[in-house]
Amino acid sequence: MEKFNKRVYGIVGIKSKMANWNSDFSGSPRTTSDGTIFGSDKAFKYPIKKMWEANNKDVLYVKSYKNKDDDIQARTLSERFEQLFGENVKNLKDKRKIVKYLFSAIDVLNFGATFAEENNNISITGAVQVGQGFNKYEDSSTEIIDILSPFTNKSTDKNTSIGKKIVSNEAHYFYPFSVNPENYNIYTNEIDGLEGYTKEAYDAFKEGCLVAATAYNTNSKAGCENELAIFVECKESSKLYLANLDEYINFKKGEEKDIIDLSELMQILNKDEVKKEIEKVEIYYNPYTTKLEGDLAIADVKDLF
């Protein structure tokens, strides 16, 4: 497989309309202590993992079930490992072999892993690091929808029960991410035959950034879709290091289309000392619902569809 040796910085935008992209334990959209709506990195990664799993790729860190004692139970990490790789991790004494197995799973190859098994504790810092996705739409509000169940709670009840569904009227989450293949050098330098981060892994991650939220259509996620993806790909020899790029974009409602303002971000990327370190900038967006603002001359702008 072809190795991927370039750092990448980017942003992924997720639109949520009358949906709940990431809820807290009360069922409400997740917020910070000051009430700012945000989505966790776990909410970002989960639809991507499910997309990979649907495409028959090995994904370690997803819930799977087994039949036991006439019941269905979730597998433990070691049981999931054995299901995927056909070996009981307790019988593997060579950690290098375990690491090779872990790196063969597409989610571990991208996002890393905390493999906490007795006598085989392994921590892998992922090449892909994802920050928290903050909602940049100021007029977001929480809506509570009453739902009538077709069933009663008890045989003595005369009326069917009422449930609740909690959604945001509209929210626009923007996640920063970075890709640094050098995170795996500590393994590839010591383990023969371990390739590290690959072009195939990066392409799989990139595809997830473009379509996974739209493809993952559950009750709470219906109404969630990908609306923006930006990839700033550095040259192989580049020493450019960028902070989270979502800080430099803004969102606002226009009369006919939503507006994503990239002016500040493009000012940074168009600086001579930055531009010379960049191989390419790609921007994917939905031109039917969204307008981009800013000097986009440096970027290859594409239809998200």
Side-chain angles (χ1 to χ4, degrees), residues 1-14 21-22 38-55 57-62 84 99-115 122-134 173-188 194-216 226 228-236 238 240-247 249 265 277-284 304:
M1 294 184 182
E2 181 183 353
K3 289 198 70 174
F4 189 82
N5 294 317
K6 293 175 282 189
R7 285 195 310 281
V8 183
Y9 300 93
I11 303 167
V12 174
I14 307 293
W21 169 247
N22 185 203
F38 78 100
S40 72
D41 61 305
K42 307 298 187 297
F44 175 90
K45 295 171 184 176
Y46 186 75
I48 296 179
K49 292 178 183 180
K50 297 303 290 184
M51 184 193 74
W52 289 336
E53 188 178 40
N55 291 335
K57 297 181 183 294
D58 284 343
V59 180
L60 179 62
Y61 287 90
V62 291
L84 282 185
V99 170
K100 284 185 176 181
Y101 275 131
L102 293 176
F103 269 83
S104 70
I106 189 68
D107 59 323
V108 176
L109 188 52
N110 274 287
F111 302 133
T114 300
F115 193 75
I122 299 170
S123 180
I124 299 173
T125 300
V128 177
Q129 294 295 312
V130 180
Q132 308 303 300
F134 285 92
Y173 300 86
F174 293 92
Y175 283 91
F177 71 83
S178 64
V179 181
N180 185 3
E182 293 179 0
N183 286 354
Y184 296 151
N185 288 351
I186 59 173
Y187 300 102
T188 57
L194 189 65
E195 291 180 300
Y197 200 58
T198 64
K199 180 69 163 52
E200 180 186 41
Y202 175 65
D203 288 343
F205 169 69
K206 190 173 181 181
E207 181 186 12
C209 291
L210 298 176
V211 303
T214 305
Y216 187 63
N226 295 88
L228 176 75
I230 300 175
F231 303 88
V232 180
E233 196 171 303
C234 299
K235 296 176 180 177
E236 281 198 27
S238 172
L240 177 66
Y241 295 94
L242 296 173
N244 288 346
L245 300 184
D246 64 307
E247 298 287 338
I249 70 171
L265 174 62
E277 300 289 334
I278 295 173
E279 182 163 307
K280 63 180 178 180
V281 177
E282 294 177 301
I283 300 176
Y284 297 80
L304 186 64

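- Tyr175 contributes a side-chain N or O that, together with a main-chain N or O of Gly39, makes up a donor-acceptor pair within less than 3.5 Å.
- For the atom pair OH of Tyr9 and CG of Asn244, the computed distance is 10.5 Å after rounding to the nearest 0.5 Å.
- Aromatic ring centres of Phe231 and Phe177: separated by under 6.0 Å.
- Lys100 is linked by a side-chain hydrogen bond (donor to acceptor under 3.5 Å, both in side chains) to nothing, counting only residues two or more places apart in sequence or in another chain.
- Partners of Thr125 according to the side-chain hydrogen bond (donor to acceptor under 3.5 Å, both in side chains) rule, which considers only residues two or more places apart in sequence or in another chain, do not exist here.
- Rounding to the nearest 0.5 Å gives a distance of 13.0 Å between CG of Leu240 and CD of Glu279.
- To the nearest 0.5 Å, the span separating CG on Leu194 from CZ on Phe103 amounts to 5.5 Å.
- Evaluation of the ring-ring contact (aromatic ring centres under 6.0 Å, His included) rule for Tyr61 yields no partner, not counting sequence neighbours.
- Within 6.0 Å of NZ on Lys3 lie more than 12 heavy atoms contributed by other residues, nucleotides or ligands.
- No side-chain N or O of Asn5 forms a donor-acceptor pair with one of Tyr197 less than 3.5 Å apart.
- In this structure, NZ on Lys45 lies 9.5 Å from CZ on Phe205, to the nearest 0.5 angstrom.
- Glu200 places no side-chain N or O within 3.5 Å of a backbone atom of Met1 that could act as its donor or acceptor partner.
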